[in-house]
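Working notes for the structure below.
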2 protein chains.
Amino acid sequence: MTNQLDSFFGAMADPTRRAVIEQLASGPASVSELHAPHQMALPTFMRHLRVLEDTGIVRSIKKGRVRTCHIEAAPLIEAQGWLAWQREIWESRLERLDALAKSIENFDD
Amino acid sequence: MTNQLDSFFGAMADPTRRAVIEQLASGPASVSELHAPHQMALPTFMRHLRVLEDTGIVRSIKKGRVRTCHIEAAPLIEAQGWLAWQREIWESRLERLDALAKSIENFDD
DNA sequence: AATATAGTTAGCTGCATTGCTAACTAAATA
DNA sequence: TATTTAGTTAGCAATGCAGCTAACTATATT
């Protein structure tokens with residue numbers, strides 16, 4: 001019952017992790033480059049990175065002593081799809097309500 | 001620095017809460033109706049509802065002894081927008097890379 | 001060979017979250 | 001008026017999460 005969405009939304013709940021996504025959206029980066037903008041200690045930051053990797057949002061390859069990270073599209077697209085789906089349902093419902101309201105208005109004629 | 005997105009994604013990280021959203025997408029419901037599909041004790045469930053309300057995803061009105069909940073579009077739309085924005089950035093980057101790859105291919109001519 | 005750099009592992013702390021039960025209020029129904 | 005129903009409040013226990021430091025490995029650089 002526990003969806004992929006669980007870990008995805010959990011991962012995105014943290015501003016540090018969202019910032020990492022934003023940075024990676026414009027291209028791959030090393031751990032140090034990703035860490036630079038953030039105040040926190042490196043091990044703490046690494047934990048955030050690992051959450052993103054465990055969720056499949058980020059992948060990385062280590063070459064020499066540098067680990068390069070890049071974004072993985074699928075989970076973000078899936079989450080976006082879920083939100084779009086929800087939205088579709090409630091918007092179509094609102095349209096029906098709207099149509100109902102209009103049909104009631106017509107009683108005035 | 002703590003965005004609206006923080007609490008939104010945090011709220012959506014829980015499957016119970018996502019189920020509530022799914023249920024509410026097809027129309028308003030009372031607390032009992034929302035609680036019915038879930039095993040957990042009512043006070044526990046109420047806490048989930050409150051998280052959703054605090055985040056602004058759900059609103060509710062109490063009439064008599066019944067509290068009726070309904071969905072609030074704005075936060076979901078905002079989150080969807082954030083995801084779409086990220087996607088746009090990395091997709092345009094991938095397109096540029098693709099164009100670059102093609103221009104390199106042309107050296108064969 | 002010595003040093004600096006990049007990342008990693010282990011382990012501690014404090015706070016938030018998620019579950020529970022018990023006991024309560026307020027409104028509807030019999 | 002007594003009882004049932006709907007929701008709420010208070011408080012406890014277990015767990016998870018986010019932060020830290022200290023100490024370590026492996027790769028470049030001088």
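First the proteins, then the strands, lettered A, B, ... as listed; each starts at 1. These figures come from a predicted structure and were not determined experimentally.
Regarding contacts with the backbone of D:dG19, a side-chain N or O of A:H48 is found under 4.0 angstrom from either OP1 or OP2. For the pair A:T44 and D:dA18, the criterion of a side-chain N or O lying under 4.0 Å from OP1 or OP2 is not met. For the pair B:R47 and D:dT9, the criterion of a side-chain N or O lying under 4.0 Å from OP1 or OP2 is not met. One finds a side-chain N or O of A:R17 lying less than 4.0 angstrom from the OP1 or OP2 phosphate oxygen of D:dA18.
For A:F45 and D:dA18, the CZ to P distance is 13 Å, given to the nearest whole Å. The NE2-P distance, from B:H35 to D:dT5, rounds to 16 Å in whole Å. A straight line from NE2 of A:H38 to P of D:dA18 spans 14 Å, rounded to a whole angstrom.
Comparing D:dC20, C:dT8, C:dC20 against the side chain of B:M40 picks out C:dC20 as the nearest. The side chain of A:M46 approaches C:dT8 more closely than any other nucleotide in the set D:dA6, D:dT8, C:dT8.
Positionally, the nearest nucleotide of DNA chain D for B:E33 lies more toward the 5' end than for the other of A:D14 and B:E33. Both B:T68 and A:T16 lie close to DNA chain D; mapped to their nearest nucleotides by heavy-atom distance, the more 5′-ward contact belongs to B:T68.
With A:E33 contributing its side chain and A:S30 its backbone, the two residues share a donor-acceptor pair below 3.5 Å. Panel note: side chain A:T44, backbone A:M40; no donor-acceptor pair is recorded below 3.5 Å.
Taking 3.5 Å as the limit, the base of D:dA6 and the side chain of B:R65 contain no donor-acceptor pair of atoms between them.
Following chains of ILVMFWY side-chain contacts shorter than 4.5 Å, one cannot reach A:V51 starting from B:L5, and the two form parts of different hydrophobic clusters.
Residue A:S30 is classed as a sugar-phosphate contact, given heavy-atom separations below 4.0 Å to backbone atoms only.
Using modelled atom types, one finds a donor on one side chain and an acceptor on the other under 3.5 Å when comparing A:H48 with A:R17.
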